[in-house]
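First listed ligand is number 1; within each ligand, the first listed atom is number 1.
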Amino acid sequence: MRIGVLALQGAFYEHQVILERLGAEVVQVRLPEHLSGLDGLIIPGGESTTIGKLAVQYGLMEPLRAFGGEHAIWGTCAGAIFLSGDIHRDQPLLELMDITVQRNAFGRQVDSFEIDLDISVLGLGQDGEAPFHAVFIRAPLIDSVHGKARVLATLPDGQIVAAQQDHLLATSFHPELTDDPRFHQYFLKLAGRSAD
Ligand code: GLN
């Protein structure tokens, strides 16, 4: 399995380490030609305005949209913002997923926090039943999921923090910053399926 990590800015290396541990071959993507031959792509956390600006500058917007039409893409945090359809302000978005997102939704006091999430909906088998320890850093909230997208995980108060649309995945938190590889395993499954 060959998986790209968009390496324009942000926490791409942490994703690379987990993917390699799971046996995937990892390619750092900075230019459109780096997308060829990939089975899937991760867009990391970081700063969505910077990732968007650089993607425009490097001519990546249309190639990324075309890639997401056929292959698995997973956006974590800033990456989830970049995948979304609308964020109530003007910045470059891929508009691949039927979700709207609110940036920096948790305000200053609770800028960053960690919480256990129920992810049994992922159907990862026995180990999948254990809660997932999720790290949120100046995180966005997914404030609506419509069209073909569906909710994967919520906070205890019902606010949405993970969504999926066919082979596209968005999480407001950072599974690459914990030792738990289950989200990466789930993504590799999606990438395998869309590669068939
Ligand atoms: N606050 C960042 C943004 O709006 C996202 C933070 C993150 O990726 N950890 O893009």
Margin query: Which residue and atom name correspond to the protein heavy atom nearest atom 4 (O) of ligand 1, and how close is it?
Written below: Arg103 NE, 2.6 Å
Notebook entry, point to check: Is Asn104 touching ligand 1 with its side chain, its backbone, both, or neither, if touching means heavy atoms under 4.0 Å apart?
Noted result: side chain
Margin query: So if I count the atoms of ligand 1 from 1 in the order they appear, which ones are less than 4.0 Å from some heavy atom of Ser48?
Written below: 3 (C), 4 (O), 10 (O)
Notebook entry, point to check: For ligand 1, which part of Thr76 has a heavy atom less than 4.0 Å away: the side chain, the backbone, both, or neither?
Noted result: neither
Notebook entry, point to check: Is the closest side-chain heavy-atom distance between Ile51 and Ile81 below 4.5 Å?
Noted result: no
Margin query: One residue to check: Glu47. Relative to ligand 1, which of side chain, backbone, both or neither has a non-hydrogen atom less than 4.0 Å away?
Written below: both
Check: So which of Gly46, Ala139, Ala78, Ala105 gets nearest to atom 2 (C) of ligand 1, if we judge by its closest heavy atom?
Finding: Gly46
Item checked: Verdict with reasoning, Phe183 to Phe173, per ring-ring contact (aromatic ring centres under 6.0 Å, His included) -> CA-CA 11 Å; Phe183 258 95; Phe173 47 95; 5.5 Å; yes
Checklist line | Donor-acceptor side-chain pairing of Gln28 and His34 below 3.5 angstrom | finding: no
Margin query: Quick check: do Arg103 and Thr49 have side-chain heavy atoms less than 4.5 Å from each other?
Written below: yes
Notebook entry, point to check: Would you say Leu64 and Leu35 make side-chain contact, with heavy atoms under 4.5 Å?
Noted result: yes
Notebook entry, point to check: Looking only at distance, does Cys77 have an N or O less than 3.5 Å from an N or O of ligand 1?
Noted result: no
Notebook entry, point to check: Under 4.0 Å from any heavy atom of Arg138, which atoms of ligand 1 are there?
Noted result: 1 (N), 2 (C), 5 (C), 6 (C)
Note to self: Is a donor from one side chain sitting under 3.5 angstrom from an acceptor on the other, for Glu47 and Gln9?
What the structure shows: no
Notebook entry, point to check: Can you list the atoms of ligand 1 that are under 4.0 Å from a heavy atom of Ile81?
Noted result: 3 (C), 4 (O), 10 (O)
Note to self: Under a 4.0 angstrom heavy-atom cut-off, which atoms of ligand 1 come close to Gly45?
What the structure shows: 8 (O)
Checklist line | Check: His15 side chain, Phe12 main-chain N or O, donor-acceptor pair, under 3.5 Å | finding: no
